[in-house]
Amino acid sequence: ASSAPKPLPSSGPKSLREMPHPLATSSSEEMGPALTPSPDLLLPRSIADKDLSLPNGTPVDTSSPASSSSLLNRLQLDDDLDVETRDLFVTVDDPKKHVCTMETYITYRVTTKTTRAEFDLPEYSVRRRYQDFDWLRNKLEESQPTHLIPPLPEKFVVKGVVDRFSEEFVETRRKALDKFLKRITDHPVLSFNEHFSVFLTAKDLNAYKKQGMALLSKMGESVKYVTGGYKLRSRPLEFAAIGDYLDTFSLKLGTIDRIAQRIIKEQLEYLVELREYGPVYSTWGGLEVELSEPLEGVSACIGNCCTALEELSEDMTEDFLPVLREYILYAESMKNVLKKRDQVQAEYEAKLEAVALKREDRPKVPTDVEKCQDRVECFNADLKADMERWQNNKRQDFRQLLMGMADKNIQYYEKVCVT
Amino acid sequence: MEDCLAKKMEITVSEAEKRTGRNAMNIQETYTAYLIETRAVESQSEGQCAPVDSLWRRYSEFELLRNYLSVTYPHIVVPPLPEKRADFVWHKLSADNMDPDFVERRRIGLENFLLRVASHPVLCQDKIFYAFLTQEGGWKEMVNDTGFQLKADSRLKALNATFRVKNPDKRFTELKHYSDELQSVISHLLRVRARVADRLYGVYKVHGNYGRVFSEWSAIEKEMGDGLQSAGHHMDVYAASIDDILEEEEHYADQLKEYLFYAEALRAVCRKHELMQYDLEMAAQDLTSKKQQCEELATGTVRTFSLKGMTSKLFGQETPEQREAKIKVLEEQIQEGEEQLKSKNLEGRDFVKSAWADIERFKEQKNHDLKEALISYAVMQISMCKKGIQVWTNAKECFSKM
């Protein structure tokens, strides 16, 4: 069998089990440590191998295996997926407030449109609250520990400082939740996760949750990928580099966040002064006869500038800052995955040593671990590339936003009616 | 259009120089001297340029000139000098009189002052003013010889005194009220403007931090690196642009300040009128009482209580001769008084006429100048926004290439 699966022609979504599994016939020995793909080569591996299991023996949830072909379809280098090839669309909208005896909370409508065979219906519409999203994310982290799960907006808000039910807060959160689901949808593996499907379709999510909880208690806490106690010998340069990058990246984003906040603060103080400035012209206009019109004009224009500035600050706060923070959270979770990867590698190395010492024939476990590692590497690289592109687009959006605001500012200024 | 000096002569305050010297108390001091250049505007034949005359004056001499003009022409709204000390400054500008920016703006202000005086139909004909522009030595003595200083002192006292006028001229009262309000509103405006400038400065400068961070960030990025780096550069440009913008705005502030001080000059004219009116009323009152006294003496009736009347009753009447003498004196005084009153009335009427003429002229000038100032302010704002658009558009382009 070839060491790298050949890209199959883009054939659109098919039943995944029809696809010949490239790794099915190859013996595990061939999957050696030499197969560390470069970040630019998108070589996905399947985890549909039945032998795959976590080092502690619990089976990995592979109910939605992604074969290499369909993966590659999705991982085309010009990655902005065309609408035609996408077969799953998810939206979050329509927030509603629910008042119960015990608590008050907000639910959001999650609408799904799909042509995928796994779904019974082409359309679904369910209501979910933040708790449900949180549950989904945890499930994804558990079941796909080697993947980067997109971040959620922050869970806890200091009750005194932020109004949880204010329009702005709810809207900001809705946008973040929408983005969260869209990112999962776009992900070649995560989008096929069973929990995700249930999240999108189940009328009563709580019943499913309870079921899951029962299963979980059987398996115990071991699903958590906390394999402590293994020391890493040598981290591949590549991952060390990624780690450093993420550190600097979060640092810089943090600085930008602070700068943006400072600018908003300064703008608001500027606004305060402007608000006093305008009316003085008006007062003066009241004194004059011939000059009253132009003076009133200036006063009105300044008023308009105030409005425009206010809008600018609002937009920055609502659109720009949350995305920055989101990326910082993303970087954090990426770092966690890196740590896990390190753990996996450490464990692999330890086990390898044990094998060498004991001469036990346990080739599969290290290999599985190795496969895991490769997986992480692939997806790490893939997602990093994705992230760059996302950032690119995000920045364009921000600047367009700021530009738009500057334009509005100008338009108002140009309305200065002085004869 | 009157043939004012400004049409016949080019006047500029072209330079400013730091000097040190000994003052009246023989103490060393540093001051700034300004070079006044004048050139006759003649029909320039064969491209010949008239020679330039020049002399140096310091601020205190300008002040002397203005005081002289204010005293000598009380019915004229005399153009104001630029401020003595930097006021209404926003944070970055220093309040130091020796600061080169301040000196430069003052130079412009002094030139403006001279041009205003030179284009005033009445003031431009004054000999002292002409000498100020052309005669370097002995000018101070010339001014003091006019004896205006005496008038100046009494005028100063009068301006600050409080008194009540029985029949105030409504127009002047309104005008005085207007000048008070104008002063108040313009100074309020200038104060807030300074704060606005401060804040705006802050906003722009913080954007400069973006430049630094983007640069640092671009170092760790691959495809995004160039875009970030160049965008950062634009942020630096943006942050730096505020310095020029605010400097330009200072010019607008100076224009407003001129009219702030003009308002003071306007008020002075109103006060002068009030003073004259009061004077008139006092004189009239005095005359009336003297007439009354006269009548009483003549007819022997005492209509009003007077100590003299009482004493004469107590200690005996005066002799007819004494009475005659008194009446004579009073009649003389009355005659004087009536003449004085007549001339005062005339004076008053003249004052009102010429003052009002000048006030109308001033009003027109004010409306015209302020309109222009507002327009140029608006233009400045538009240009500032256009620059902003430019920078952000450039930054946007950089981002799009990431």
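As a basis for the values below, the full set of heavy atoms in this structure was taken, side chains included, without hydrogen atoms, waters or symmetry mates.
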Nearest 0.5 Å, please: how far is [atom2] in [Y] from [atom1] in [X]?
X        : Y        : atom1 : atom2 : value
A:Tyr270 : B:Asp198 : OH    : CG    : 12.0 Å
B:Leu189 : A:Leu295 : CG    : CG    : 9.0 Å
B:Trp217 : A:Thr248 : CH2   : OG1   : 12.0 Å
A:Ile302 : B:Gln381 : CD1   : CD    : 7.5 Å
A:Glu276 : B:Arg191 : CD    : CZ    : 9.0 Å
A:Glu273 : B:Arg199 : CD    : CZ    : 6.0 Å

- Message: So for B:Leu182, is it side chain, backbone, both, or neither that comes closer than 4.5 Å to the heavy atoms of chain A?
- Response: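 Both parts, backbone and side chain.
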- Just checking, is any N or O donor in the side chain of B:Tyr178 or A:Glu288 under 3.5 Å from an acceptor N or O on the other one?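 Yes - a donor-acceptor pair under 3.5 Å links their side chains.
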Work out which heavy atom in [X] is nearest to a heavy atom in [Y]; give both atom names and the distance.
X        : Y        : result
A:Gln267 : B:Val203 : N-CG2, 3.7 Å
A:Ile256 : B:Phe214 : CD1-CE2, 3.6 Å
B:Lys371 : A:Pro294 : CG-CG, 4.4 Å

- Message: For B:Tyr377 and A:Tyr281, take the angle between the two ring planes, folded into 0 to 90°, and tell me which bin it lands in: parallel under 30, tilted 30 to 60, perpendicular over 60.
- Response: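 Aromatic pair B:Tyr377/A:Tyr281 classed parallel.
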